[in-house]
Amino acid sequence: MPKFFINRPIVAMCISILMVLVGVVSMLSLPTAQFPNIADPQIQVLATYPGADAQTVAESVATPIEQQMSGVSGMNYMYSTSASNGLMTLTVDFALGTNANTDQILAQMRQGQANSQLPSAVTNYGVTVQQSTSSPLMLLALSSPNGTTTTSFWRITHTSISITH
C-alpha cells in the first residue's frame, strides 16, 4: 500500500487535499455552543485620572467605584489596581451561570451611581465598563493510575509544571 502512494504522488496529494477540505467543512459545522463555560464572566472598569499618583487614584477613584460595586447582583469578588500614571483598573468577577451582557449593564449602572463622587477630571476623561475575558489557556490534570504518586511529588520533581488545587 505505501508503494502505491509513493509511485503516484498526485493521488496522495489529491487525497490529502480532500481530507483537509472535509476537515474544514466538518469543523465549521461543529456545535461549539454545547461546551460549558469554564471561566467566570468578568467586567472591567477602566478610569484615568490625569496627573494623579497611584495613592490619589486609589483613594479618589477606586474607592467610590468599589463602594458602589459592592452590592451588584451575582458578584463573586472584585479587585482593583491603581498605577502611577493615573490609570485605575477594577475587575469584577461574577458567578459562572450569569449572563455577561446583564453583568455589564448592572456594573455600568453601579458605576454611573459613583460618577457624582469622582473628580471632574475623571468624568471628563471618561470611565469605561467592558467585558473582560481571562479564560485559562490550558488546564492540566495529572494523576497516578494506582495512587502511588501524590501532588506533592509532582510539585517537587517537576518544577516546570505548576499544579494548584
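A quick note: this is a predicted structure, and the numbers were derived from the prediction, not measured.
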Would you check if [X] and [Y] make a side-chain contact, meaning some heavy-atom pair closer than 4.5 Å?
| X | Y | result |
| --- | --- | --- |
| Ser60 | Gln117 | no |
| Gln130 | Ile43 | no |
| Tyr49 | Leu87 | no |
| Ile10 | Met13 | yes |
| Leu118 | Val127 | yes |
| Gln44 | Thr89 | yes |

Point-to-point distance, once rounded to the nearest 0.5 Å, from [atom1] of [X] to [atom2] of [Y]:
| X | Y | atom1 | atom2 | value |
| --- | --- | --- | --- | --- |
| Thr63 | Met88 | OG1 | CE | 9.5 Å |
| Met27 | Ser29 | CE | OG | 9.5 Å |
| Leu46 | Ser132 | CG | OG | 9.0 Å |
| Asp40 | Met75 | CG | CE | 12.5 Å |

* Asked: Which side chain to side chain donor-acceptor pair (under 3.5 Å) pairs, counting each pair once, include a residue from residues 71-88, with sequence neighbours left out?
  ->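 Qualifying pairs: Glu66-Ser80, Asn76-Asp93.
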* Asked: Where is the tightest heavy-atom contact between Pro64 and Glu59, given as atom of each residue plus distance?
  ->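 That would be CD-O, 3.8 Å.
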* Would the number of heavy atoms belonging to other residues, nucleotides or ligands and lying under 6.0 Å from OH of Tyr125 be above 12? ->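 No, OH of Tyr125 has 12 or fewer neighbouring heavy atoms, counting only those of other groups under 6.0 Å.
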Show which side-chain atoms of residues 99-112 pair as donor or acceptor with protein atoms under 3.5 Å away, not counting sequence neighbours.
unit_1, atom_1, unit_2, atom_2, d
Asn99, OD1, Asn101, N, 3.2
Asn101, OD1, Gln131, NE2, 2.7
Asp103, OD2, Thr98, OG1, 2.7
Gln104, OE1, Gln131, NE2, 3.3
Gln104, NE2, Val129, O, 3.1
Arg110, NH1, Gln68, O, 2.8
Arg110, NH2, Gly71, O, 3.1
Gln111, NE2, Asn115, OD1, 2.8

* Single-linkage hydrophobic cluster Phe5~Leu18, side-chain heavy atoms < 4.5 angstrom ->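 Each belongs to a different hydrophobic cluster.
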* Who else is in the cluster with Ile17 when I, L, V, M, F, W and Y are joined by side-chain contacts under 4.5 Å? ->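 The other cluster members (ILVMFWY side chains, heavy atoms under 4.5 Å, direct or chained) are Leu21.
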* With no hydrogens and no angle check, is any side-chain donor or acceptor of Thr56 less than 3.5 Å from a backbone partner on Ala52? ->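 Looks like no, no N/O pair under 3.5 Å.
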